[in-house]
Amino acid sequence: MFFAKNAAEGQQDHILSWSDVFICFLRITYLERIPQSLEYFYGLGELAGILPCLQKLYKDDEEGLKEAMIRENEVFITEGNLGSIVMGAALAMEEQKAMGADIDGSVITNFKVSMMGPMAGIGDTMVGYVIVPINTSIFLGFAMEGSLVALLYMPVGELILHGLGYVMWRLGYDGGRIAVLNVLQGAWLDRIVVGAGIMGMLMMGALAGQYVTLEATGVINIGAMGTIEFSEMFNQILPGFLPLCILVGGYFYLEKGKKATNLKLMGIYLVICVVGTLIHFF
Amino acid sequence: MGHVIFLSTLIALWYWLASIDTPGGWMFQDLFIMGAVIGAMYGDVKQGLILGATIQMAYLGVVAVGSNLPSDKKMAGLIAIPLAFEAGLDPGQALAIAVPFGLLGAVFNNAKRTINGVFYRNSELAIEDMDINRIYRNAYLYPMIMEFFLYSIPVFAIMFVFLSGGNAVAIIDAIPEWLMNSLSLLGGTLPAVGILACVRLLGQKKLLPYFFIGFLVVAVIPMGTFTFAVIAACIAIIIAISMPEESVTGAHNVKEQS
């Protein structure tokens with residue numbers, strides 16, 4: 001249903017060929033970040049990416065091309081992979097407009113501005129917090145063993161992300177505005193977010209269990225009764241007791257602490273380590 | 001001396017290429033590749049990979065939301081990995097040294113994006129004149145040239161100072177032993193920061209029990225991460241499919257607001 005063309009838009013032919021649209025996708029995906037700036041974000045990158053298509057669309061219409069260029073140069077920022085659906089739809093709208101459909105320029109601008117926030121929300125969650133960390137944690141295991149398989153990390157990640165990006169781009173280009181709304185309102189998205197969250201949590205837990213290390217080497221001598229070894233004691237409570245303590249402690253600090261930052265948490269860990277070393281606890 | 005100049009140049013160029021965010025750039029941003037290449041130059045690919053992976057782990061939850069990079073793992077890795085080889089640091093100590101350089105990298109990133117504003121305003125003028133080539137120059141060529149000077153020269157200077165005349169070794173030797181031991185320990189705890197950032201950003205508190213399941217399963221049954229990932233994916237699919245409709249509804253909307 002998401003691939004079905006909008007009835008009104010599907011009737012007309014395309015000016016842009018398949019390869020025009022594909023090259024435009026590559027240009028935006030790979031090059032949009034080069035001119036990113038603090039005030040205007042990826043605006044210029046989007047314009048430079050879409051410009052060959054605009055030139056083709058407004059071949060004989062200097063004034064139209066200029067307006068389109070100003071329009072696409074507007075401030076724009078969204079997540080680069082899943083968010084490509086917005087630019088795909090924008091390209092479709094530009095094409096419709098160039099072919100004479102009754103679309104006002106401000107409609108395209110408003111569409112982009114209103115959709116980039118929600119898509120960035122979904123994109124950052126799925127890509128930044130789920131797909132990339134899971135991919136990283138899988139290849140971390142290989143790298144920690146010194147296996148060269150870890151070098152596949154980047155190619156595999158790129159393949160997944162840009163594969164998804166292209167699917168979203170085509171979704172946006174073929175379906176227009178409607179496709180974006182369908183994605184944002186789709187019930188299946190909730191299930192994917194929950195499922196990805198479960199997998200993310202499991203992977204983070206496994207990663208923490210394997211690589212967060214802190215061991216108590218302290219020994220207390222209690223005379224005739226022998227000695228108490230902290231590490232043995234803690235292990236009897238729970239395997240990985242101390243790492244779990246600093247994880248849970250850190251979590252509560254970050255959740256509840258006022259003005260808590262990751263950097264301050266690192267500082268706290270440093271203090272714990274220094275004190276622990278000085279009293280020979282670790 | 002030739003070795004120092006060669007390595008400093010390589011690191012400086014690498015940081016430049018990694019920072020311009022192009023397809024090639026993404027390859028250069030990968031700390032595993034970084035570790036393997038620098039490791040190969042010091043004759044120990046395995047140690048390089050381990051160093052890269054240790055630093056990568058601390059930056060797991062670092063996501064550039066709104067392209068605001070809170071801390072720059074490229075700079076952290078590129079400076080800490082060679083230093084670790086020079087001074088014979090263990091991965092934990094290397095990670096502790098990498099953190100401040102990561103913060104420095106974020107400063108460079110902000111500088112770059114501030115300067116790029118000039119090219120944006122230039123492009124607006126170019127649109128006025130309908131000068132297509134000038135738009136491309138402002139979009140691609142000028143930012144890359146600017147970044148070359150912004151990034152390469154300071155990084156070259158930092159690496160050159162550290163590496164020449166055994167400065168790195170001298171600085172690290174000056175650190176007292178108890179502090180070095182603490183830093184080794186700290187290296188074991190810092191991955192917790194990246195993992196916690198990730199857990200919090202996943203943002204679904206009712207899923208927290210899965211974190212503890214993952215933690216304990218790996219602590220009790222040692223297995224490869226990939227093996228665990230396959231199992232985790234199966235569990236996630238089963239649960240997500242079988243969840244009742246009302247308990248998943250709105251899951252993605254929660255994210256948008258956060």
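Residue numbering restarts at 1 for every chain, and letters A, B, ... go by the order of the sequence lines. None of the values given here were measured: they were computed from a predicted structure. All heavy atoms count here, side chains included; hydrogens, waters and symmetry mates do not.
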Side chain / backbone / both / neither for A48(A) at chain B, heavy atoms under 4.5 Å: both

Closest contact, heavy atoms only, Y140(B) versus L31(A): CE2-CB, 3.5 Å

Side chain, backbone, both or neither of L263(A) within contact of chain B (heavy atoms, under 4.5 Å): side chain

Rounded distance [0.5 Å steps], OH in Y59(B) versus OG1 in T136(A): 14.5 Å

Non-hydrogen atoms of L49(B) and S147(A) that approach each other most closely: CD1-O, 3.4 Å

Side-chain heavy atoms of L270(A) within contact of T189(B), under 4.5 Å: no

Contact check, side chains of L247(A) and F211(B), non-hydrogen atoms, under 4.5 Å: yes

Closest approach of M243(B) to V194(A) (non-hydrogen atoms, all atoms of both residues): SD-CG1, 3.5 Å

Interchain contact, Q55(A) with chain B, by part (heavy-atom threshold 4.5 Å): side chain

Heavy-atom contact with chain B under 4.5 Å, split by part of T261(A): neither

L47(A), part contacting chain B, at a heavy-atom distance under 4.5 Å: side chain

Most chain B-contacting option - heavy-atom pairs closer than 4.5 Å, from G209(A), G141(A), A206(A), A120(A): A206(A)

Aromatic plane relationship, F142(A) with F226(B) - under 30° parallel, 30 to 60° tilted, over 60° perpendicular: tilted

Side chain R191(A), main chain S242(B), donor-acceptor under 3.5 Å: no

Exercise: identify the closest heavy-atom pair between C198(B) and M204(A): CB-SD, 3.8 Å

Heavy-atom side-chain proximity of K112(B) to Q36(A) below 4.5 angstrom: yes

Audit row: M27(B), E158(A), side-chain contact (heavy atoms from CB on, under 4.5 Å) steps and yes/no: CA-CA 9 Å; M27(B) 297 297 273; E158(A) 296 294 278; 5.5 Å; no

CE-CD1 distance between M199(A) and I239(B), expressed to the nearest 0.5 angstrom: 12.5 Å

Residue among A53(B), A139(B), G48(B) with most heavy-atom pairs under 4.5 Å to chain A: A139(B)

Any side-chain heavy-atom pair of L202(A) and F228(B) under 4.5 Å: yes

Distance, nearest 0.5 Å, that separates CG of L179(B) from OG1 of T277(A): 9.0 Å

Min side-chain heavy-atom separation M69(A)-I132(B) under 4.5 Å: yes

Euclidean distance, I115(B) CD1 relative to S37(A) OG, rounded to 0.5 Å: 11.5 Å

Contacting moiety of I134(A), where chain B heavy atoms sit under 4.5 Å: neither

Q47(B) portion near chain A, given a 4.5 angstrom heavy-atom threshold: neither

Region of V220(B) in contact with chain A, defined by heavy-atom distances below 4.5 Å: side chain

Heavy-atom check, side chain of E63(A) versus side chain of M130(B), under 4.5 Å: no

Residue part contacting chain A, namely of M146(B), when any heavy atom lies under 4.5 Å: neither

Interface residue of largest heavy-atom contact number with chain A, from L190(B), I135(B), L207(B), T227(B), under 4.5 Å: L207(B)

Residue, of E128(B), M223(B), Q56(B), that accumulates the most heavy atom pairs under 4.5 Å with chain A: E128(B)

Cationic N near anionic O, under 4.0 Å, E39(A) to R113(B): no

Most chain B-contacting option - heavy-atom pairs closer than 4.5 Å, from I138(A), V212(A), L44(A): L44(A)

Reported CD1-to-CG distance for the pair I272(A) and L185(B), which is rounded to 0.5 angstrom: 11.0 Å

Contact origin within L214(A) toward chain B - heavy atom pairs under 4.5 Å: side chain

Note, N73(A) side chain near Y120(B) side chain (heavy atom, < 4.5 Å): yes

Any side-chain donor near an acceptor of the partner, T225(B) and S137(A), under 3.5 Å: no

Toward chain A, the part of I231(B) with a non-hydrogen atom under 4.5 Å: neither

For chain B, the option from G250(A), A208(A), G80(A), G240(A) that forms the most heavy-atom pairs under 4.5 Å: A208(A)

Top contributor to chain A contacts, counting heavy-atom pairs under 4.5 Å, from P191(B), A229(B), A219(B): A229(B)

Y211(A) side chain near I195(B) side chain, heavy-atom distance below 4.5 Å: no

Per-residue contact mode, E79(A) against chain B (heavy atom under 4.5 angstrom): neither

Selection from L244(A), I70(A), L265(A), L151(A) maximising heavy-atom pairs under 4.5 Å formed with chain B: L244(A)

Heavy-atom pairs under 4.5 Å with chain B, option from T78(A), T213(A), L207(A) with the top count: T213(A)

Under 4.5 Å from a heavy atom of chain A, the part of Y136(B) involved: side chain

Straight-line distance of M144(A) CE to F32(B) CZ, nearest 0.5 Å: 8.0 Å

Max heavy-atom pair count under 4.5 Å with chain A, selected residue of I50(B), L196(B), I238(B), V99(B): L196(B)

Largest heavy-atom contact set with chain A, pairs under 4.5 Å, which of V118(B), L51(B), V217(B), I127(B): I127(B)

Set of ring pair (Phe, Tyr, Trp, His ring centres under 6.0 Å) partners for F215(B), sequence neighbours left out: none

Per-residue contact mode, L278(A) against chain B (heavy atom under 4.5 angstrom): side chain

Residue V248(A) versus chain B: region with a heavy atom under 4.5 Å: side chain

Chain A contact via I33(B) - side chain, backbone, both or neither, heavy atoms under 4.5 Å: both

A36(B), part contacting chain A, at a heavy-atom distance under 4.5 Å: side chain

Option in G195(A), G157(A), G276(A), G43(A) with maximal non-hydrogen atom pairs under 4.5 Å from chain B: G195(A)

